[in-house]
Amino acid sequence: SLRDDAYHGFVRFRVPSARAAKFDNFMKPSTPARANSTAFTGGRAAQLRPSARALLGSWVLVALTPRCTGGASSAAEDIALFRSRGVHHGTDKVTGLHAYQTMYGQFLMPLRHAATPIKLFEIGLGCHTARTRRARAWGGNTQLWLELFPQSEIWEADFREECAANTRKAGGLKGINTVFGDQGDPATVQRWVRETGGSFNVIIDDGGHTNRQIKTSFDVLWPSLKPGGYYFMEDLQVGRTKGFNDGDPTFPVISDLMQSYIEQLVIGPPKPARGGHHGHAPIHAVANHSLPENVSFVLCQHEACVLGKRP
């Protein structure tokens, strides 16, 4: 299914072998008019890593979302590589029902080629999972970050300090900095910014997933994201589920909030009708939540969204 596809979020269609060569030439990146699209057919797939080649087969994939520049590899390769390494390290970002390689492959992976090492902050070390209840932090995410960004400054936040402390004592979490506390408490998140020094290139919310926690963390952390940085939110599919949504309008369902942000980006802020011009009303559920300052884009995929900050 598309949900389990490494290329979830792409348009896929078959090209008859007789036309593959013509399509390759048509979609060459060197063609100025088509340089912002990424496409592969069976012929060009031979240039890819084995993992990417196996996933591509005879499909053509055309990326419809913006391609980050500055990297030496294609969007399709980056998506396939993130999925492959994520499976290797056991992170649930690319296993089970999740297919977050779509957003991470397109936006995070090109940062491997950044001129200077990045600073990454993730909420959710993984001490809440079943296999960590023996006081051993799950390292699927951390090991993935260390492999992909070996020279970078990586921070992890979690609610259970004892779990991470025992893991570090046993030799785990080498190269990982940690902070602790409840992400739903503004004072705690503000303390995280002070302790880490802020100025993040990447922020990832893979924490408790309640609307209150996600919104509280975002409100405090967004100003600490550097211009040109990315803010990722995972597991948004639970936003209307009991236990994750307390019905407080101060903390709307994050899906509604993202849709409101997109509407404000596309149409503009809500305006009353005047001077013969029709106004437009805000999305009712998030009427009091204006688009944060310096949001460049909001792109959503299956169960997750990424917000970009203006350079």
Side-chain angles (χ1 to χ4, degrees), residues 6 48-49 51-52 65-95 98-127 137-158 164 167-168 171-180 192-193 195-207 217 221-222 224-234 296 299 301 304-309 311:
L48 301 179
R49 297 178 179 87
S51 59
T65 50
R67 174 72 178 116
C68 296
T69 59
S73 51
S74 71
E77 285 183 296
D78 282 343
I79 290 170
L81 179 60
F82 187 90
R83 183 180 186 277
S84 173
R85 301 319 299 159
V87 169
H88 173 78
H89 290 294
T91 173
D92 69 346
K93 297 183 187 301
V94 298
T95 57
H98 303 320
Y100 300 150
Q101 63 269 17
T102 302
M103 62 180 185
Y104 287 124
Q106 293 189 78
F107 296 100
L108 183 62
M109 292 294 278
L111 296 180
R112 292 177 300 141
H113 311 292
T116 56
I118 67 169
K119 185 174 183 180
L120 183 152
F121 182 83
E122 180 177 34
I123 303 173
L125 178 60
C127 281
W138 177 50
N141 297 351
T142 59
Q143 295 307 306
L144 180 62
W145 305 144
L146 288 172
E147 177 186 326
L148 296 178
F149 305 100
Q151 305 301 320
S152 297
E153 183 179 347
I154 301 172
W155 287 86
E156 292 280 344
D158 204 89
T167 300
R168 190 180 297 280
L173 300 181
K174 290 182 179 178
I176 301 295
N177 304 286
T178 50
V179 289
F180 303 98
W192 290 351
V193 175
E195 292 182 5
T196 61
S199 296
F200 304 111
N201 301 100
V202 174
I203 298 175
I204 299 169
D205 190 334
D206 186 18
S217 298
L221 291 174
W222 178 255
S224 72
L225 185 68
K226 296 179 70 172
Y230 302 114
Y231 196 112
F232 297 90
M233 298 178 179
E234 298 185 13
S296 174
L299 292 176
Q301 63 148 86
C305 295
V306 53
L307 297 89
K309 199 165 194 177

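- When side chains are defined from C-beta on, Tyr231 counts as touching Ser217, because their heavy atoms get closer than 4.5 Å.
- A distance of 10.5 Å separates OG1 in Thr95 from OH in Tyr100, rounded to the nearest 0.5 Å.
- Taking every heavy atom of both residues into account, Gly175 and Leu146 meet most closely at O-CD2, 3.9 Å.
- Counting heavy atoms from C-beta on, the side chains of Leu108 and Phe149 come closer than 4.5 Å.
- Contact between Gln301 and Thr102 at its shortest, heavy atoms only, is OE1-CB, 3.0 Å.
- Looking at heavy atoms from C-beta onward, Leu120 lies out of side-chain contact with Phe200 at the 4.5 angstrom threshold.
- Proximity of Tyr104 to Met109: side-chain heavy atoms (C-beta onward) are nowhere separated by under 4.5 Å.
- Within the 3.5 Å criterion, the main-chain N or O of Trp222 finds a donor-acceptor partner in the side chain of Lys309.
- Atom CG of residue Asp92 and atom CD of residue Glu234 lie 7.0 Å apart, to the nearest 0.5 angstrom.
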Exercise for review: Take Ile123 and Leu221, measure what side chain to side chain contact (heavy atoms under 4.5 Å, CB included) needs, and give me the verdict at the end.
Suggested key: CA-CA 11 Å; Ile123 303 173; Leu221 291 174; 3.9 Å; yes
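- With no hydrogens or angles considered, no side-chain donor-acceptor pair links Glu195 and Trp155 at under 3.5 Å.
- For the atom pair Lys226 NZ and Lys119 NZ, the distance stands at 9.0 Å (nearest 0.5 Å).
- Inspection of the Thr178 and Arg168 side chains reveals an N or O donor paired with an N or O acceptor under 3.5 Å.
- The CE atom of Met103 sits 8.0 Å away from the SG atom of Cys305 when rounded to the nearest 0.5 Å.
- Residues Ser73 and Arg112 are in side-chain contact: their nearest non-hydrogen atoms beyond the backbone lie under 4.5 Å apart.
- Considering only heavy atoms from C-beta on, Ile204 comes within 4.5 Å of Lys93 through its side chain.
- The line from OG1 of Thr91 to CH2 of Trp145 is 6.5 Å long, rounded to the nearest 0.5 Å.
- Within the 3.5 Å criterion, the main-chain N or O of Leu125 finds a donor-acceptor partner in the side chain of Asp158.
- Residue Glu153 comes nearest to Asn177 through the heavy atom pair CG-ND2, 4.0 Å, listed as atom of the first residue, atom of the second, then distance.
- Checked by atom type and distance alone, the side chain of Ser224 never pairs as donor or acceptor with a backbone atom of Gly198 at under 3.5 Å.
- The main-chain N or O of Phe180 is found under 3.5 Å from a side-chain atom of Trp192 such that the two form a donor-acceptor pair.
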**Study point:** Criterion side chain to side chain contact (heavy atoms under 4.5 Å, CB included) on Phe232 and Ile203, from CA distance to verdict
**Key:** CA-CA 6 Å; Phe232 297 90; Ile203 298 175; over 6 Å; no
Point to revise | Derivation of the side-chain hydrogen bond (donor to acceptor under 3.5 Å, both in side chains) call for Gln106 and Tyr230 | key: CA-CA 11 Å; Gln106 293 189 78; Tyr230 302 114; over 6 Å; no
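- Taking each heavy atom of Val94 and Gly86 in turn, the nearest pair found is CG2-C, 3.6 Å.
- Contact annotation: the side chain of Phe82 approaches that of Leu144 to within less than 4.5 Å [non-hydrogen atoms, C-beta and beyond].
- Nearest heavy-atom pair across Pro311 and Pro227 is C-CB, 3.6 Å.
- Contact between Gly105 and Pro110 at its shortest, heavy atoms only, is O-CD, 3.6 Å.
- Of the possible donor and acceptor atoms, none in the side chain of Asp205 sits under 3.5 Å from a partner among the backbone N and O of Met233.
- In this structure, a donor-acceptor pair under 3.5 Å is present between the side chains of Asn141 and Glu122.
- Residues Leu307 and Leu299 form no side-chain contact, since every pair of their non-hydrogen atoms from C-beta on lies 4.5 Å or further apart.
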